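All of these numbers come straight from a predicted model, not from anything done at the bench. In what follows, every chain begins at residue 1, and chains take the letters A, B, ... in the order their sequences are listed.
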Amino acid sequence: MKYFYSFSAIAKREWIELKRYWFNSFIGIVMYILVFLALFTGAQSIGQNNFALMDSLEGFLIGYALWFLAIGAFSDTAHSIIDEARKGTLEQLYMTEIPFTWLLISKNLVSTVFFLLLFVFIIIMQMQITGIALNLDLLSISITLFISLFSLYGIGLILAGLGLVFKRIQNLLGAAQFVIVGIMVLSPTTIPFVKFLPFVYGRELIMNIMREGYSVFNFTIIDWSFLIGNSVIYMLVGLYGYKLSERQVLKRGMLGQY
Amino acid sequence: MGMVDYLQVNNLQKLYYVNNSKIKAVDDVTFNVKAGEVFGLLGPNGAGKTSIIKCICGLLDYDGGDIIVNGYSMKNKRRKGLRHISAVLEGNRNIYWRMTVKENLEFFSGINGISSSKVKERINYLINQFQLQQQKDTVVNKLSRGMKQKVAIAISLIANKDIILLDEPTLGLDVSMSHEMRSILRGIAKDENKTILLSTHDMNVVEATCDRLIIINKGKIIAKDTVDNLKSLFNKEIYKVTLMEGPKNQLKERLKKVAQLLNYQKQAENTSLLLQLDNGNQLIEIFQLFKEEGISLIAIEKVTKNLEGIFIDLLKEEQHEILL
Ligand SMILES: Nc1ncnc2c1ncn2[C@@H]1O[C@H](COP(=O)(O)OP(=O)(O)OP(=O)(O)O)[C@@H](O)[C@H]1O
Ligand SMILES: [Mg+2]
């Protein structure tokens, strides 16, 4: 029960912050839509009635939305830990008898719900703008996204740990964005090994769901194992990496300073 | 709970490594805090107060010795120990400034694993106790520094843990707020039956709130005692006596039999003596002596020292350890 109460405290905090400071998120989304609009009109004027381009526009639409989401997901963990270190509240979170790891995962679970809604919202906006019809199988999309986002949280944890030790989170996040772009464009059909990278397999599944009408009910054992395995492994790697940094942080007394 | 040593700090040692050089921030510090006691850590800047407090609340790994909280070592039973500890660290930063007072109280009870229905009464109690009724729905960011500090302390009480650690609870407060804070702290110890460990560099705060204290400097304990003892130990009757001429040797010998001659200074015009007596009545004997020796007195004044003066003296003569 203690774990449940701490989870709901975190959920409530996130809700309060969102409610009170929704404008920041709102501006971010508007900016995103505007950039998408510009890119889309540009692409349209280049290849009118070009079927190949229209086809890849679908991929671009989904890929762009996923990229936006991915950036949000992995910087969310890193930013919030660093932010709490700066404010001093991180020390308080370390002083509860509930393990800090649980508080982190609680926060990730809550963020995931937010990201799911955000994804559906921007996809619908984009479909309206472009007139492109996609298969909006909400159940399949939600489940796939829900699981695959945790691989990105794992990466976020590693970055957060490094950020606490080296105090260079902006540079780290900047560099990591390029990696994310890579993850978003590399295709596992041409380079098979990239499906071991975080989030890639989930991305492919979502593409298939939205473009080809694939569904969670058709997922093969391989699909499930890659999807879940990828997230579990990257989350564990992330937690382990964070613990390594944490050991340094506790030795050097840097939990409360950034 | 009897007068058990609720919190034990044994031979604590904390080193920092900065640019390949080693800083001994806490050097062999030992003290015990009893249940229900208010205990002070007094020391100048850089003495190691914050380091000691962070070691106790598990935010800092230590290099030697151990810390035992209600029987649990903070080294390998950290989470069990944390069941008994809450803390307000330097600069009341344990609050979410973007949430209201009430939301903060709810949040911190929640992450400590307490259900929101169970804590409702306690939240109202604390809001009343700290006179925060008008501010309870205000975003913390908009409160004054003193108010924030009150909120921070209220938050540290929300989970109802037994030991409250306070790092510099009066730092940056104006005089009246600082006084209010002192009475709040005394109230917490008494009404809530909490064990309090607070750090400060302000003697007056210790004098007003603490039962016992240690004085630390450069990571080392230089004095450990009850506040009362420390005051009376140093506040023996000390008198500065100014004489017309220097006392002859014979007088000096006779004086030494009655009182302790702390200092003797011969100046061009006069001579001043610093005498320490066990009680004021001995002054009569001293006067008698002067009269017999035919010495004329210019002035006599009592030298009093508050805790602050004692503190400064102790820092000057570090070796002077008073371990009782
Ligand atoms: N995280 C850290 N890394 C390196 N050195 C540190 C760190 N924290 C403290 N120190 C050093 O350790 C010593 C003790 O510092 P500490 O902050 O514990 O003292 P303090 O009594 O709390 O001082 P203040 O009154 O300034 O708060 C100082 O020399 C300080 O410079
Ligand atoms: Mg300090």
Does atom [atom1] ([X]) have a neighbourhood of more than 12 heavy atoms from anything else shown, all under 6.0 Å?
X	atom1	value
B:Lys22	NZ	no
B:Lys75	NZ	yes
A:Phe121	CZ	no
A:Trp224	CH2	yes

For [X] versus [Y], what's the shortest heavy-atom pair and its separation?
X	Y	result
A:Glu91	B:Leu89	OE1-CD1, 3.0 Å
A:Leu250	B:Leu59	CD2-O, 3.4 Å
B:Leu60	A:Arg252	CD1-C, 4.3 Å

Apply side-chain hydrogen bond (donor to acceptor under 3.5 Å, both in side chains) to B:Tyr96 and A:Gln92, showing your working.
CA-CA 11 Å; B:Tyr96 287 91; A:Gln92 292 295 321; over 6 Å; no
Quick check on B:Lys80 against chain A: is it the side chain, the backbone, both or neither that has a heavy atom closer than 4.5 Å?
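The answer is neither part of B:Lys80.
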With a 4.5 angstrom heavy-atom cut-off, could you sort out which part of B:Ala159 is near chain A: side chain, backbone, both or neither?
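Neither the backbone nor the side chain of B:Ala159 comes within 4.5 Å of chain A.
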Atom pair OH/NZ of B:Tyr17 and A:Lys251 - distance to nearest 0.5 Å:
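Interatomic distance, B:Tyr17 OH to A:Lys251 NZ, rounded to 0.5 Å: 9.0 Å.
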Measuring from atom NZ of A:Lys87 to atom CG of B:Asn94, what distance do you get when rounded to the nearest 0.5 angstrom?
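A:Lys87 NZ to B:Asn94 CG: 13.0 Å, rounded to 0.5 Å.
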How would you list, in number order, the residues of residues 98-115 of chain B that have a heavy atom less than 4.5 Å from chain A?
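Under the 4.5 Å heavy-atom cut-off, B:Arg98, B:Met99, B:Thr100, B:Glu103, B:Glu106, B:Phe107, B:Phe108, B:Gly110, B:Ile111, B:Asn112, B:Gly113, B:Ile114, B:Ser115 qualify.
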Based on non-hydrogen pairs under 4.5 Å, which of A:Gly88, A:Ser106, A:Gly253 is most in contact with chain B?
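Ranked by heavy-atom pairs under 4.5 Å with chain B, first place is A:Gly88.
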Give the member of A:Tyr5, A:Trp102, A:Tyr94 that has the highest number of heavy-atom pairs under 4.5 Å with chain B.
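Heavy-atom pair counts peak at A:Tyr5.
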Of the backbone (N, CA, C, O) and the side chain (C-beta and beyond), which part of [X] lies under 4.5 Å from a heavy atom of chain B, both, or neither?
X	value
A:Tyr3	side chain
A:Thr89	both
A:Ile10	both
A:Tyr21	side chain

Taking the side chain as every heavy atom from C-beta outward, state whether B:Val139 and A:Arg20 have any pair of such atoms under 4.5 Å apart.
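Yes, at least one pair of side-chain atoms sits under 4.5 Å.
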Under-4.0 Å salt bridge between B:Arg83 and A:Glu97
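Judged by the 4.0 Å cut-off on N to carboxylate O distance, B:Arg83 and A:Glu97 do form a salt bridge.
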For each of B:Ser116, B:Cys57, B:Gly58, tally heavy-atom pairs with chain A at distances under 4.5 Å, and name the one with the top tally.
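Among the listed options, the one with the most contacts to chain A is B:Cys57.
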